[in-house]
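Letters go in sequence order (proteins before strands), and every chain restarts at 1. In what follows, every heavy atom counts, from backbone to side chain, and hydrogens, waters and symmetry copies are set aside. Since this is a predicted model, take the numbers as computed values, not measurements.
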Amino acid sequence: MYNFKKIEHKWYKIHKNINFLKNNNFNNKKYYILNMFPYPSGLGLHIGHAIGYIFSDIIAKYKISKGYNVINPIGFDCFGLPAEQYAIKFKINPKLIIKKCIKNYIKQIKKLGIFINWNNIIYTHNKNYYKWTQWIFIKLFNSWYNKKKKKIYNIRILKNKIKKKNIYNKYKINKILNKYRLIYLKKSYVNWCPKLHTVLSNEEIFNGKSIRGEYDIKIIKLLQWHIRITSYIDKLLKGYKYIKWDKNIKNIQKKWIGKKKVNYFNLYINNKKKIKLYIIKKKNIKKIKNIILCAPSNNVDNLIKYIKSKYKLKILNILKKIYNLKNYKYKILIKSKINNFKINIYISNYYKSLALNDVYINYNNNNNKFFNIKNNLILNIKKHFKIKNIYFSKIIKKKYIYNLKDIVFSRQRYWGEPIPIYYKNNIPYNIKEKYLPLKLPYIKNFNKNSKLNNYNKWYWNIKLNRTVYKDKNNKNIYPLDKNTMPSFAGSNWYYLRFLDNNNNDKIINKKIINYWKYVDLYIGGIEHINGHLLYSRFCHKFLKDINVINTKEPFKQYINQGLILYNSYSIYKINNKNIIISYDLIKINKINNYKKIYINEKYIINNNILNIKKFLNNNIKYKYYKFKFNKLNKIICNKELEKMSKSKLNIINPNKIINKYGTDVFRLYLMFLAPFKKNKIWNIKNIKGIKRFLNNIWNYIIININNYNNYNNNYQLKILYNLIYKLNNNYKKLNFNTSISLFMKFFKKIKNLKFNRKVIKKYLILLSIFAPYICEELWNKLNEKNSIFFEKQPIINYKYLYNKKIKYIIMINNKKKIIIYIKKKNNNKQYIINKLKNNNLIKNYIIYNKKIIFIKNKILNILL
RNA sequence: GCCUAGAUGGUGAAAUAGGUAAACACGCAGGACUUAAAAUCCUGUAAUUCAAUAAAUGAAUUUUGCGGGUUCGAUUCCCGCUCUAGGCACCA
């Protein structure tokens, strides 16, 4: 048994002081590998993160040993909702919470045995970082896209043009410019909670009520910043040519962008109100009969009111009918008179659209193609009938439509980058670049009212160029924008900043970016494809257009990491009552007004039963709650298999496993578990095999430590080169579970042969990439003075891989009978048949054959 | 509901320009060592049936979620389903 704790600690300390990664030798080949940076939550790093970091470390170490100049950095995406909520709960500034979390994360990352560029670390909430996030905001604000020339121009050019005309006043000019800016103001819908006095995300709402406090939600319109990503759609679509992503990943994004050529109609309701309607095939318009309006999440009642008032529909009958269909809980039939004809309008929540912005018509069950309608309703036609009862205008024109919308870029929160805009007579102006950053004020006694609009110093003095208190007598003071940016603002462009994280004068140095260019391999979850990955591509293209960088795409290759799935458990609380109800009762009694609360696995006894005593001991809040038990006098919890995530409280901390088995075993195990891309259900069952494997290697080498045999053994060299050959293929495929089994197979063979120092040393170099510490220690014990990570990858001598004989599988009626080996010079059909005529098992078959199928170098199949 | 991916022994999985299904592990069973346990090592291990023996063993059939198709041959390609997971725009 080797003492992994001692060894791993020793080599961690030594490696810390050696720089294996990034240097400034710009003549060397470069390799930029990057993991999606984590959001530092209180629960810390989980297995999913660990797999990602270990995977990228393996590739980084491989590339180093191939002579590349490698960068593999880490940073933290610090702004965001969870920290702010936590801050409200405990009345501390989010900055302090984040600081604690990051410390914990770094501690955990250091246990994984990975090489990280610690000098290049970034934090998005650091003012030296978000200064540049704000800088990008201003650049977007002051740019517009010329559709004819397909180029980005400064807004000043447009402004001067309009001014020259001398027709418009400054308000009108501002309105026009707002229609062109790449970041612009527009009203859009949000979930508003009057009681909490805040905007809520879909995730903060359950069954139509806010999760915090269980209050009602209203849908209101708010003036918000939007990014005009739609003007970059063609560029985004063209960009796929330059990147090496999986086909299906590209397809997901392409479909999300959803460019379609359509015909364009008007649909009239009550002769007055019209809905714009896009249709792909003209003839399909005849098939429309029913219309389904899609409500935002679980909020059908509000939608009915909205529709009633907007379209003045006479609602004849409302049938609250709950269908058994999965997502059709809120399907409601409204019979109304439209153009004196009856039409069925269904309302459903099956499309979870927050802003009511998306409108689709599904006209055909078979091929599920969609129409898109503008006026904030979703229409879905299930069956096709001949048209009788709706009136359509003639086709107006053909045009392109997109699924992708401009992105809402403002949040009504505190914990985000402040928007560097102030308002003069209601016209937005940006703070001058040289006065950035516009710092986020520090609020000590943090609570739910801690927002920028409650912060009394939130005014901009254009003379002093800093934030000030309001002073009625001073004419140079203007109110600042009270929104903050969403959390993806900082993650749009972070991969650039790693390369030059301390630069105060520029977003990035030109020389540096010209060398590193882009991320060669980007690793992250598939769930980010339609968000972060798309926004980053947009941002990169914009930065290219304003000459910050000169490459077309940010991520040359992208590999999506499979999700780690694990059981999550939840209990159910009746809305507005302090009652916890057993999950099976909800199903039996079809109860609707409940709230789902995730709980930790440790409170569960067998068969999903809640251990109430244990639960109450650690959750004092529920001490005075009533419990509604089932027939067996138990509280049953809901068990689901979901992705490992902090919000679901089903995360596994890697530290426990590392402490028990060591980093090397942990690393090998995670890679051995399953293919990297595959979703994996977490289990720890098979880890013993890895432990045994490393132990055996240790024992084998330690016993032979003074054996200096260095001879050339053909068989040993053959299996070694075979191993290297197959490992190299796996590096190309980016799949390492079979690499581990290759190492095991090799060791099985070699351990029964004479000890060969030369072969074993090469084996250690190969294995060190996966199990760094044990290999480093053994390398050292074999009297090597330098670190094993300065060694280059062993090179294959192909002479040894050459096979003299060819294997043939002989089949009778597609079933394997025997295997024969043929010399290369005899590799032909007739020779094999002749040979088989002398074989007792086969010769009769050959005589009576109907047909013989011969596949060169593989198979001879005799059909009878 | 729509979009995307996946499904192979008791378990994690391996094998796809269509050609020996189950590599490598875990678990289990038996054995060795030990007073005993743990650890370690060795042997066996997809299922069913048949033959035969003291025993080793041999033979046949079935099997990659379900139902079809193409093919001499399908885990792999095509069509139709089922189930599971992820995304659906303010979680990150």
Pairing residues for [X] by the salt bridge (Lys or Arg N to Asp or Glu O under 4.0 Å) criterion, not counting sequence neighbours:
X	result
A/R212	A/E204
A/R413	none
A/K646	none

Taking atom P in both B/rU75 and B/rU64, what distance in whole Å separates the two?
->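 My reading of the P atoms in B/rU75 and B/rU64 gives 7 Å.
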Classify the ring geometry between A/F747 and A/Y763 as parallel (under 30°), tilted (30 to 60°) or perpendicular (over 60°).
->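 Taking A/Y763 first and then A/F747, their aromatic rings lie parallel (interplane angle under 30°).
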Would you please indicate yes or no on a ring centroid separation below 6.0 angstrom for A/F736 and A/F770?
->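 Ring-ring flag for A/F770/A/F736: true, centres closer than 6.0 Å.
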Provide a list of protein-nucleic acid N or O atom pairs under 3.5 angstrom, restricted to nucleotides 27-34 of chain B.
none

Which is true for A/S647 with a 4.0 Å heavy-atom rule: it touches a base, it touches only sugar-phosphate, or it touches nothing?
->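 No contact.
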Identify whether any heavy atom of A/I809 sits under 4.0 Å from a base atom; if not, whether one sits that close to sugar-phosphate; answer base, sugar-phosphate or nothing.
->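 If one applies the 4.0 Å heavy-atom cut-off, A/I809 turns out to touch a base.
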Could you list all N or O pairs between the protein and nucleotides 69-72 of chain B that sit under 3.5 Å apart?
{"from": "B/rC72", "atom 1": "O2'", "to": "A/N814", "atom 2": "ND2", "distance (Å)": "2.9"}
{"from": "B/rC72", "atom 1": "O2", "to": "A/N814", "atom 2": "OD1", "distance (Å)": "3.4"}
{"from": "B/rC72", "atom 1": "O2", "to": "A/N861", "atom 2": "ND2", "distance (Å)": "3.0"}

Which of these, A/Y494, A/F409, A/W493, A/F79, sits in a ring-ring contact (aromatic ring centres under 6.0 Å, His included) with A/F488?
->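 The residue from A/Y494, A/F409, A/W493, A/F79 that satisfies ring-ring contact (aromatic ring centres under 6.0 Å, His included) with A/F488 turns out to be A/F409.
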Starting from the 5' end of RNA chain B, give me the residue, A/G531 or A/N251, whose nearest nucleotide shows up first.
->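 The residue mapped nearer the 5' terminus is A/N251.
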Which residue, A/N696 or A/S645, contacts RNA chain B at a nucleotide closer to its 5' end, judged by nearest heavy atom?
->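 That would be A/N696.
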Does any pair with a residue in residues 665-679 of chain A pass salt bridge (charged side-chain N to carboxylate O under 4.0 Å, His left out), and if so which ones, sequence neighbours excluded?
->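 Salt bridge (charged side-chain N to carboxylate O under 4.0 Å, His left out) check on residues 665-679 of chain A returns A/D57-A/R667, A/D246-A/K677.
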Donor-acceptor pair under 3.5 Å, A/E527 side chain vs B/rC88 base =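 Under the 3.5 Å cut-off, the side chain and the base do not form any donor-acceptor pair.
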Look at the side chain of A/E204 against the base of B/rC91 and say whether a donor-acceptor pair falls under 3.5 Å; ignore hydrogens and angles.
->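 Answer is no: no donor-acceptor pair is held.
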Can you give the donor-acceptor pairs under 3.5 Å from side chains of residues 849-859 of chain A to other protein atoms, not counting sequence neighbours?
{"from": "A/N849", "atom 1": "OD1", "to": "A/K851", "atom 2": "N", "distance (Å)": "3.2"}
{"from": "A/N849", "atom 1": "ND2", "to": "A/I846", "atom 2": "O", "distance (Å)": "2.6"}
{"from": "A/N857", "atom 1": "OD1", "to": "A/N827", "atom 2": "ND2", "distance (Å)": "2.8"}

Contacts under 3.5 Å, N or O only, protein and nucleotides 58-62 of chain B:
{"from": "B/rA60", "atom 1": "OP1", "to": "A/K817", "atom 2": "NZ", "distance (Å)": "3.1"}

What residues, two or more places apart in sequence or in another chain, satisfy side-chain contact (heavy atoms from CB on, under 4.5 Å) together with A/K805?
->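 For A/K805, the residues satisfying side-chain contact (heavy atoms from CB on, under 4.5 Å) (neighbours in sequence not counted) are A/Y821, A/K823.
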Give the table of side-chain donor-acceptor pairs shorter than 3.5 Å for residues 529-538 of chain A, with sequence neighbours excluded, one pair per line with atom names and distance.
{"from": "A/H532", "atom 1": "NE2", "to": "A/Y522", "atom 2": "OH", "distance (Å)": "2.7"}
{"from": "A/S536", "atom 1": "OG", "to": "A/N492", "atom 2": "O", "distance (Å)": "3.1"}
{"from": "A/S536", "atom 1": "OG", "to": "A/H532", "atom 2": "O", "distance (Å)": "3.1"}
{"from": "A/R537", "atom 1": "NE", "to": "A/E553", "atom 2": "OE1", "distance (Å)": "2.8"}
{"from": "A/R537", "atom 1": "NE", "to": "A/E553", "atom 2": "OE2", "distance (Å)": "3.4"}
{"from": "A/R537", "atom 1": "NH1", "to": "A/Y240", "atom 2": "OH", "distance (Å)": "3.2"}
{"from": "A/R537", "atom 1": "NH1", "to": "A/Q253", "atom 2": "OE1", "distance (Å)": "2.7"}
{"from": "A/R537", "atom 1": "NH2", "to": "A/L236", "atom 2": "O", "distance (Å)": "2.6"}
{"from": "A/R537", "atom 1": "NH2", "to": "A/E553", "atom 2": "OE2", "distance (Å)": "2.9"}

Syn or anti for B/rG44, taking syn as within 90° of 0?
->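 Nucleotide B/rG44 adopts anti.
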Dot-bracket notation for RNA chain B, counting Watson-Crick and G-U pairs under 3.5 Å, with | for partners on another strand | (((((((..(((......[....)))((((((.......))))))((((((.....))))))..(((((..]....))))))))))))....
Sequence neighbours left out, what passes side chain to side chain donor-acceptor pair (under 3.5 Å) with A/N35? Give chain and number order.
->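 A/N35 satisfies side chain to side chain donor-acceptor pair (under 3.5 Å) with A/S56 once adjacent residues are dropped.
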